[in-house]
Amino acid sequence: MVKFLLLALAFGLAHAYAELQGKWKTTAAAADNVEKIEKGGNLRLYVREVTCNHDCTEMYITFYVNLNGQCSKTTVTGYKQEDGTYKTQFEGDNVFQPVYATSKNIVFTGKNTDRAGKETKLIFVLGKGGSLNEEENEKLEEFTEKEGIPKENIRDVLATDTCPK
């Protein structure tokens, strides 16, 4: 029985990580320091792909940042921590985790601590290329407020994505 439960748990985690991997586009972002995710902000990430190593202890996220009209492609590696979060370096120290995943959307929460020590709470919604519908927007608004981010700090990132596919 114990072997069966472990196998079921392993299969469930593998399935969850399988849903994370693939081609994605940033649909929306929210932050308590909204200037970081405004158009031209250094944390307005235009995600293109999420992949993992075999057991997802390392997550690779490829994205563009559009600063001064110039799209710069970057890939960061997030290293899984004991608490299930991932740590990486980009514009300071970052801790992030996927909190919701389907074949259509992934929601990540995170915290960035920039080089000046300013902390920013973040939420990123990745999708397969379409905008959020009304119900998804409402859920995002509820979630951002639950996370301590005002709903007026949600930005439609997809609408400003002019970086290469």
Side-chain angles (χ1 to χ4, degrees), residues 13-14 16-102 105-127 132 139-165:
L13 290 174
Y17 290 130
E19 283 188 341
L20 295 176
Q21 298 193 78
K23 304 284 184 195
W24 295 96
K25 283 198 150 197
T26 309
T27 304
D32 58 352
N33 297 316
V34 75
E35 68 277 0
K36 300 262 187 173
I37 60 161
E38 293 288 7
K39 191 173 179 185
N42 60 351
L43 294 178
R44 189 174 187 111
L45 310 179
Y46 299 99
V47 173
R48 291 297 183 262
E49 186 172 27
V50 177
T51 56
C52 288
N53 64 353
H54 71 284
D55 56 358
C56 223
T57 55
E58 295 178 8
M59 185 180 297
Y60 315 104
I61 301 177
T62 301
F63 58 90
Y64 286 92
V65 176
N66 188 343
L67 300 175
N68 302 317
Q70 197 74 15
C71 291
S72 299
K73 188 176 183 179
T74 301
T75 299
V76 296
T77 302
Y79 298 94
K80 193 169 188 175
Q81 307 300 298
E82 285 185 22
D83 65 358
T85 62
Y86 289 83
K87 286 189 176 180
T88 193
Q89 295 279 312
F90 179 79
E91 295 294 326
D93 295 323
N94 296 277
V95 177
F96 66 92
Q97 67 182 346
V99 294
Y100 176 79
T102 67
N105 291 303
I106 304 174
V107 178
F108 284 92
T109 59
K111 182 178 78 171
N112 168 269
T113 305
D114 67 17
R115 290 173 184 90
K118 184 176 185 177
E119 290 186 356
T120 302
K121 284 184 185 179
L122 297 156
I123 297 172
F124 288 98
V125 180
L126 309 183
L132 297 177
K139 286 181 180 180
L140 178 58
E141 287 177 1
E142 290 171 15
F143 184 64
T144 57
E145 289 191 335
K146 182 178 150 259
E147 293 293 308
I149 300 172
K151 67 181 180 182
E152 54 272 7
N153 288 11
I154 298 171
R155 297 295 181 263
D156 179 356
V157 177
L158 191 61
T160 62
D161 189 344
T162 57
C163 294
K165 306 232 183 281

With no hydrogens and no angle check, is any side-chain donor or acceptor of Gln97 less than 3.5 Å from a backbone partner on Gly110? no
Check your understanding: Under a 4.0 Å N-O cut-off, is there an ion pair linking Glu58 with Lys80?
Key -> no
Under 3.5 Å donor-acceptor pairs involving side-chain atoms of residues 156-165, not counting sequence neighbours:
{"unit_1": "Asp156", "atom_1": "OD1", "unit_2": "Leu158", "atom_2": "N", "d": "3.3"}
{"unit_1": "Asp156", "atom_1": "OD1", "unit_2": "Ala159", "atom_2": "N", "d": "3.3"}
{"unit_1": "Thr160", "atom_1": "OG1", "unit_2": "Arg44", "atom_2": "NE", "d": "3.2"}
{"unit_1": "Thr160", "atom_1": "OG1", "unit_2": "Arg44", "atom_2": "NH2", "d": "3.0"}
{"unit_1": "Thr160", "atom_1": "OG1", "unit_2": "Tyr46", "atom_2": "OH", "d": "3.0"}
{"unit_1": "Thr160", "atom_1": "OG1", "unit_2": "Val157", "atom_2": "O", "d": "3.1"}
{"unit_1": "Asp161", "atom_1": "OD1", "unit_2": "Arg48", "atom_2": "NH2", "d": "2.8"}
{"unit_1": "Asp161", "atom_1": "OD1", "unit_2": "Cys163", "atom_2": "N", "d": "3.2"}
{"unit_1": "Asp161", "atom_1": "OD2", "unit_2": "Arg48", "atom_2": "NH1", "d": "2.8"}
{"unit_1": "Asp161", "atom_1": "OD2", "unit_2": "Arg48", "atom_2": "NH2", "d": "3.2"}
{"unit_1": "Thr162", "atom_1": "OG1", "unit_2": "Asn66", "atom_2": "ND2", "d": "3.4"}

Hits for salt bridge (charged side-chain N to carboxylate O under 4.0 Å, His left out) against Lys151, two or more places apart or cross-chain, chain-then-number order -> none
Hits for salt bridge (charged side-chain N to carboxylate O under 4.0 Å, His left out) against Lys73, two or more places apart or cross-chain, chain-then-number order -> none
Residues at least two apart in sequence or cross-chain that pass side-chain hydrogen bond (donor to acceptor under 3.5 Å, both in side chains) with Asp32, listed by chain then number, are none
Might you work through the side chain to side chain contact (heavy atoms under 4.5 Å, CB included) test for Ile61 and Trp24, ending with a clear yes or no? CA-CA 10 Å; Ile61 301 177; Trp24 295 96; over 6 Å; no
Sorted by chain and residue number, the side chain to side chain contact (heavy atoms under 4.5 Å, CB included) partners of Val65 (sequence neighbours excluded) come out as Leu45, Phe63, Leu67, Phe90
Those residues at least two apart in sequence (or on a different chain) that pass side chain to side chain contact (heavy atoms under 4.5 Å, CB included) with Lys111 are Thr113, Glu119
Sequence neighbours excluded, the answer for side chain to side chain contact (heavy atoms under 4.5 Å, CB included) partners of Lys36 is Asn33, Asn42, Leu43, Asn112, Asp114, Thr120
Sequence neighbours excluded, the answer for side-chain hydrogen bond (donor to acceptor under 3.5 Å, both in side chains) partners of Thr51 is none
Tyr100 meets the side chain to side chain contact (heavy atoms under 4.5 Å, CB included) criterion, sequence neighbours left out, with Thr102, Val107
Residue set satisfying side-chain hydrogen bond (donor to acceptor under 3.5 Å, both in side chains) with Asn68, at least two apart, ordered chain then number -> none
Only distances under 3.5 Å count here; give the side-chain donor-acceptor pairs of residues 139-147 to other protein atoms, sequence neighbours excluded, each with its distance to 0.1 Å.
{"unit_1": "Lys139", "atom_1": "NZ", "unit_2": "Glu135", "atom_2": "OE2", "d": "3.4"}
{"unit_1": "Thr144", "atom_1": "OG1", "unit_2": "Leu140", "atom_2": "O", "d": "3.3"}
{"unit_1": "Thr144", "atom_1": "OG1", "unit_2": "Glu141", "atom_2": "O", "d": "2.9"}

In short, salt bridge (charged side-chain N to carboxylate O under 4.0 Å, His left out) pairs touching residues 89-98 with sequence neighbours left out are Glu91-Arg115
Would you confirm whether Asp55, through its side chain, and Asn53, through its main-chain N or O, come within 3.5 Å as a donor-acceptor pair?
no
Give a yes or no answer on whether the side chain of Thr26 reaches the backbone of Leu126 with a donor-acceptor pair at less than 3.5 Å.
no
